[in-house]
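In listed order, ligands and their atoms are each counted from 1. For this chain, numbers begin at 1 and follow the sequence in order.
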Amino acid sequence: PETITVQELANRMAERGADVIKALMRMGVMATINQTIDADTAELIIGEFGHSFRRVSASDVEIGLMGEEDRDSNLVPRPPVVTIMGHVDHGKTSLLDALRQTDVAAHEAGGITQHIGAYQVNLEDGKKITFIDTPGHAAFSEMRARGANVTDIVVLVVAADDGIMQQTVEAIHHAKAAKVPIIIAINKMDKPGANPGRVRQELLNHEIVTEEMGGEVLTVEVSAKQKLNLDKLEEALLLQAEILDLKANPDRAAQGAVVEAKLERGRGTVATLLVQKGTLKVGDIFVAGTEWGRVRALLDDRGRPVESAGPAVPVEVLGLQGTPLAGDNFVVVESEARAREITEFRQHTHRQKVAAASARGTLEQMFSKI
Ligand code: GDP
Ligand code: MG
């Protein structure tokens, strides 16, 4: 049922909260400033104060926001988006850094790699792979919980000298829950105690049957430290991507997900966005979660300004009015008015939920004291 807090109602009418509470009391409704009342009661109160109103529901405001489904004829192949997961110290960060160095332009003059929330590796044959640069299943599941499904393939890093550990198992569960295919990177093959056979054996206990064990899960024996077999890992990722037949329409208003966002002194909110559909351009107006912005500048994963970003391309964006959360979806809209309408509605809905939860908390506290 639709509800509104007394505070929110008073704010929207530009009336004092105490006056609204008094009006409610006259109607026989006892409510504090933070409590919610139902929409019918709110309507009576609004009438009492002589204001006008219009009821809007989420579906009215959000209708048409995501645009139409793409036709098959508009879809073109896009790079895979990869997240690296695994137990602590098994080499996630080392592997991300080593893979970043395999970019054909990684060593060009002035090609300083900068850490934004994601990066893209350009391979020799013109193929590309996008990596989410926040390893770990906490980030993965947090993004999924907020509605973003950005990962096409999970690379599960397992140290060859350590085997399957608790967080390895957790990562397997997260990837399976998300129905995302897993490729196993057996890392630290340079170490004397490396035992890849044991890793494959242990994976069986978690319903991961590798090719060597007669299953379909690809494994690659690597060393992030010695940069061993990184090309084989990339080949495996491209092979898996081909099987997944990943495609997107670049010729539409952009949509995607917020990979990370933070407020930076002198720059305002800086967000790493991953475009999933369409092409994001400088000047575009977009909504991200409860925030909106106009793209003032786009920077690629090396900090170079770009005019646009297509599917599977991560970009840093400047121009947000507020700071969205990692995992929020973003979508380009036609006007600032539309952006404001949507974000105001979402912020309102969010405040209602918070207020309702805290009111429930207060009630529970009251009853627990009785
Ligand atoms: P994370 O916690 O999974 O991100 O792991 P890190 O990338 O921080 O690596 C943990 C430790 O393992 C560091 O001391 C790395 O230098 C080391 N390490 C990572 N990859 C390799 C490897 O391939 N071989 C060896 N010998 N050490 C590695
Ligand atoms: Mg790390």
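Between Lys191 and Asp161, at least one side-chain nitrogen of the basic residue sits less than 4.0 Å from a carboxylate oxygen of the acidic one, meeting the salt-bridge criterion. A salt bridge between Arg100 and Asp133 is present, with a side-chain N of the basic residue lying under 4.0 Å from a carboxylate O of the acidic one. Checked for salt-bridge contact, Arg200 and Glu221 meet the test: a charged N lies under 4.0 Å from a carboxylate O.
Hydrophobic cluster membership is shared by Ile129 and Leu230, with clusters built from Ile, Leu, Val, Met, Phe, Trp and Tyr side chains linked at under 4.5 angstrom.
With hydrogens left out, the protein atom closest to atom 5 (O) of ligand 1 is Gly91 N, 3.1 Å, a heavy atom. When hydrogens are left out, the protein atom nearest atom 6 (P) of ligand 1 is Ser94 OG, 3.6 Å; that is the closest non-hydrogen contact. Of all protein heavy atoms, the one lying nearest to atom 26 (N) of ligand 1 is Asp190 OD2, 2.8 Å. Given atom 23 (O) of ligand 1, the protein heavy atom at minimum distance is Ala224 N, 2.9 Å. Scanning the protein heavy atoms around atom 8 (O) of ligand 1, the nearest turns out to be Thr93 CB, 4.2 Å.
Remark: ligand 1 and Lys191 share no N or O pair separated by less than 3.5 Å (distance only, no angle test). For ligand 1, the polar-atom distance check finds no N/O of Val88 at less than 3.5 Å from any of the ligand's N/O atoms.
Protein heavy atoms are found less than 4.0 angstrom from atom 20 (N) of ligand 1. For atom 13 (C) of ligand 1, the nearest protein heavy atom lies 4.0 Å away or farther.
Across the listed options Met189, Lys227, Gln167, Lys188, Lys188 owns the non-hydrogen atom lying nearest to atom 17 (C) of ligand 1.
In this structure, Val199 and Thr219 have side chains that are not in contact, with every pair of non-hydrogen atoms separated by 4.5 Å or more. Taking 4.5 Å as the limit, some side-chain heavy atom of Met13 sits within range of a side-chain heavy atom of Ile46. For the pair Glu211 and Leu218, the minimum side-chain heavy-atom distance is below 4.5 Å.
Around atom CD of Glu212, more than 12 heavy atoms belonging to other residues, nucleotides or ligands sit under 6.0 Å away.
The count of protein N, O or S atoms under 2.8 Å from the Mg ion (ligand 2) stands at 1, with waters excluded from the count.
With no hydrogens or angles considered, a side-chain donor-acceptor pair links His348 and Glu8 at under 3.5 Å.
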Steps toward side chain to side chain donor-acceptor pair (under 3.5 Å) verdict (His90, Asn187): CA-CA 7 Å; His90 279 200; Asn187 190 32; over 6 Å; no
Walk me through it: do Asn11 and Gln7 pass the test side chain to side chain donor-acceptor pair (under 3.5 Å)? CA-CA 6 Å; Asn11 290 351; Gln7 179 76 69; 3.1 Å; yes
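Each of Val313, Val317, Leu318 was scored for a side chain to side chain contact (heavy atoms under 4.5 Å, CB included) with Leu298, with one residue passing: Val317.
The shortest separation from a heavy atom of Gln226 to ligand 1 is not under 4.0 Å, leaving the residue out of contact.
Numbered from 1 in the order shown, with element, the atoms of ligand 1 that lie under 4.0 Å from a heavy atom of His90 read 3 (O), 5 (O). Those atoms of ligand 1 with a heavy atom of His87 less than 4.0 angstrom away are 3 (O).
Put simply, CD1 on Ile45 and CZ on Phe53 are 12.0 Å apart, with the number rounded to the nearest 0.5 Å.
Proximity of Asn187 to ligand 1, defined as any heavy-atom pair under 4.0 Å, is confined to the side chain (atoms from C-beta onward). At a 4.0 Å heavy-atom cut-off, ligand 1 touches Asp89 through backbone and side chain alike.
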